[in-house]
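Starting from 1, each residue takes its place in the sequence as its number. No hydrogens, no waters, no symmetry mates; every other heavy atom, side chains included, goes into these values. Numbering of ligands and ligand atoms starts at 1, following listing order.
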Amino acid sequence: MVSRTGDLPSHVLEQMAHSARAVQAQAYAPASRFRVGAAVLADDGRIFSGCNVENASYGLTICAERAAVFHAVACGVRAIRAVAVVTDLVEPARPCGACRQVLAEFGPAMQVHLLGLSGASVATTLDRLLPDPFTFHSWP
Ligand code: THU
């Protein structure tokens with residue numbers, strides 16, 4: 001994957017990373033022990049965070065990225081410019097397919113910043129991770 005800096009001011013990306021790291025501590029992951037934090041940047045500049053929340057009925061688990069999107073939408077957001085995702089892996093984890101689809105609903109070309117431990121990071125865009133998504137324009 002090609003890494004790109006994107007056009008986010010560095011202090012905004014730092015705020016997003018800080019928010020994602022803070023919420024990662026709240027992850028509820030008794031099954032996997034894999035804690036994920038995500039922060040999305042709304043078009044009005046607000047940042048919303050979310051963590052993964054697992055369930056004894058495994059399929060009901062929600063990923064951090066979708067939790068962050070739903071948090072933002074519940075606060076009135078309808079357009080997202082960027083997402084930051086943190087884990088405790090050295091190599092930054094990629095968002096799952098379901099999260100890519102949900103993110104695309106609110107910003108199909110948004111910037112994506114994937115952050116690992118020790119400063120490792122990948123910067124890309126959602127349209128590279130999910131080209132040609134299903135949309136509300138996809139049916140007649
Ligand atoms: N998980 C996320 O939070 N985001 C992803 O994009 C992939 C996976 C979570 C779900 C589950 O709680 C744990 O990671 C292991 O799959």
Closest candidate by heavy atom, reference atom 10 (C) of ligand 1, pool Leu114, Thr87, Thr61 | Thr61
All heavy atoms of Cys96 vs all of Arg66, minimum pair found to be SG-NH2, 4.5 Å
Give the residue, atom name and distance (to 0.1 Å) of the protein heavy atom nearest atom 3 (O) of ligand 1.
-> Ala64 N, 2.9 Å
If you count the atoms of ligand 1 from 1 in the order shown, which ones are under 4.0 Å from a heavy atom of Pro95?
-> 6 (O)
Distance to 0.1 Å, residue and atom name: give those for the protein heavy atom nearest to atom 4 (N) of ligand 1.
-> Glu65 OE1, 2.8 Å
Identify the closest protein heavy atom to atom 12 (O) of ligand 1: which residue and atom is it, and at what distance?
-> Glu54 OE2, 2.5 Å
Any side-chain donor-acceptor pair under 3.5 Å between Thr125 and Asp127?
-> yes
Which word best sums up how the rings of Trp139 and Phe134 line up, parallel for under 30°, tilted for 30 to 60°, or perpendicular for over 60°?
-> tilted
Ligand 1 contacted by Ala29 (non-hydrogen, < 4.0 Å) = no
Taking non-hydrogen atoms only, is Cys63 closer than 4.0 angstrom to ligand 1 via side chain, backbone, both or neither?
-> both
Is there side-chain contact between Leu41 and Val12, with heavy atoms separated by less than 4.5 Å?
-> yes
Short N-O contact, Arg21 and Asp88, less than 4.0 angstrom | yes
Salt bridge (charged side-chain N to carboxylate O under 4.0 Å, His left out) between Asp44 and Arg78, intermediate numbers included | CA-CA 10 Å; Asp44 62 7; Arg78 294 295 182 270; over 6 Å; no
Considering the heavy atoms of Ser32, write down every atom of ligand 1 situated less than 4.0 Å from one of them.
-> 13 (C), 15 (C)
Pair Asn52-Glu65, side-chain donor/acceptor within less than 3.5 Å | no
Nearest protein heavy-atom contact for atom 9 (C) of ligand 1: which residue, which atom, what distance?
-> Asn52 ND2, 3.7 Å
Partner of Met110 under side chain to side chain contact (heavy atoms under 4.5 Å, CB included), chosen from Val40, Leu126, Leu129 = Leu126
Check whether any N or O atom of Cys96, backbone or side chain, sits under 3.5 Å from an N or O atom of ligand 1, and answer yes or no.
-> yes
Give the residue, atom name and distance (to 0.1 Å) of the protein heavy atom nearest atom 14 (O) of ligand 1.
-> Phe34 CD2, 3.3 Å
